[in-house]
Amino acid sequence: MADVGIFVGTVYGNALLVAEEAQVILSRQGHKAKVYEDPRAQDWALYRSGYALIVTSTTGQGALPDSIVPLFEAIKTLGCHCELRYGLIALGDSTYENYCGGGKRFDALLREQGATRLGEVLTIDASEAPEPESVSNLWVEAWGRQLPAL
Ligand SMILES: Cc1cc2nc3c(=O)[nH]c(=O)nc-3n(C[C@H](O)[C@H](O)[C@H](O)COP(=O)(O)O)c2cc1C
């Protein structure tokens, strides 16, 4: 089993809903999973050499929600994340110009820092999926199966 930190960036709570369902699914698969709604560098440090799932929406014009900005800025200063394995779920709305821009920026940062992404980024379009967890649950099931079972 893997110990997974689920890091959330949300404005209206949709990403949190997705994260909470992900926690249930991963736990059911035998992993240990904890949701960080207001993630900080000290939370991140627990998983930096392990497994993380980032679930973030986009606000403004392609910006990250305020709740996850401190973590994003902290990661920039930490350097190599060469042992980190992560997944990324990006919530957005394709009627905006920078579709899922926040999640894409987070993904780009982690790759720059040498982290390895497990699977593709899942993008969830609010204009097509009013219940984002109905899209994410299947993805999380598959993502969790890539983690070590031990
Ligand atoms: C003021 C505002 C700005 C937004 N800007 C973007 C954007 O630039 N790109 C995008 O893909 N989605 C954008 N969205 C859509 C949200 O990311 C989407 O509705 C998401 O599901 C919200 O999730 P949350 O409840 O976790 O914040 C915006 C929504 C609002 C209300």
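Order of appearance sets the numbers: ligands from 1, and atoms from 1 within every ligand. Only a predicted model underlies this, so the values are computations on that prediction, with no experimental measurement involved. Position 1 is the first residue of the sequence, and the numbers go up from there.
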Enumerate, one pair per line, all nitrogen or oxygen atoms of ligand 1 lying under 3.5 Å from a protein nitrogen or oxygen, stating the separation to 0.1 Å; write 'none' if no such pair exists.
{"from": "ligand 1", "atom 1": "5 (N)", "to": "G60", "atom 2": "O", "distance (Å)": "2.9"}
{"from": "ligand 1", "atom 1": "8 (O)", "to": "G60", "atom 2": "O", "distance (Å)": "3.2"}
{"from": "ligand 1", "atom 1": "8 (O)", "to": "G62", "atom 2": "N", "distance (Å)": "2.9"}
{"from": "ligand 1", "atom 1": "9 (N)", "to": "N98", "atom 2": "O", "distance (Å)": "2.9"}
{"from": "ligand 1", "atom 1": "11 (O)", "to": "D93", "atom 2": "N", "distance (Å)": "3.0"}
{"from": "ligand 1", "atom 1": "11 (O)", "to": "D93", "atom 2": "O", "distance (Å)": "3.4"}
{"from": "ligand 1", "atom 1": "11 (O)", "to": "C100", "atom 2": "N", "distance (Å)": "2.7"}
{"from": "ligand 1", "atom 1": "12 (N)", "to": "D93", "atom 2": "N", "distance (Å)": "3.1"}
{"from": "ligand 1", "atom 1": "14 (N)", "to": "T58", "atom 2": "O", "distance (Å)": "3.3"}
{"from": "ligand 1", "atom 1": "17 (O)", "to": "T58", "atom 2": "N", "distance (Å)": "3.3"}
{"from": "ligand 1", "atom 1": "17 (O)", "to": "T58", "atom 2": "O", "distance (Å)": "2.6"}
{"from": "ligand 1", "atom 1": "25 (O)", "to": "Y12", "atom 2": "N", "distance (Å)": "3.2"}
{"from": "ligand 1", "atom 1": "25 (O)", "to": "G13", "atom 2": "N", "distance (Å)": "3.2"}
{"from": "ligand 1", "atom 1": "25 (O)", "to": "N14", "atom 2": "N", "distance (Å)": "2.9"}
{"from": "ligand 1", "atom 1": "25 (O)", "to": "N14", "atom 2": "ND2", "distance (Å)": "2.8"}
{"from": "ligand 1", "atom 1": "26 (O)", "to": "T10", "atom 2": "OG1", "distance (Å)": "2.6"}
{"from": "ligand 1", "atom 1": "26 (O)", "to": "N14", "atom 2": "N", "distance (Å)": "3.3"}
{"from": "ligand 1", "atom 1": "26 (O)", "to": "A15", "atom 2": "N", "distance (Å)": "2.8"}
{"from": "ligand 1", "atom 1": "27 (O)", "to": "V11", "atom 2": "N", "distance (Å)": "2.9"}
{"from": "ligand 1", "atom 1": "27 (O)", "to": "Y12", "atom 2": "N", "distance (Å)": "3.2"}
{"from": "ligand 1", "atom 1": "27 (O)", "to": "S57", "atom 2": "OG", "distance (Å)": "2.9"}

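Using modelled atom types, one finds a donor on one side chain and an acceptor on the other under 3.5 Å when comparing N137 with E21. Judged by distance alone, the side chains of S67 and D38 never bring a donor and an acceptor atom under 3.5 Å apart.
Residues K76 and E112 form no side-chain contact, since every pair of their non-hydrogen atoms from C-beta on lies 4.5 Å or further apart. R117 has its side chain within reach of R111: a pair of non-hydrogen atoms, C-beta onward, lies under 4.5 Å apart. I68 has its side chain within reach of F106: a pair of non-hydrogen atoms, C-beta onward, lies under 4.5 Å apart.
Here the two rings, on Y47 and Y36, have centers that are under 6.0 Å apart.
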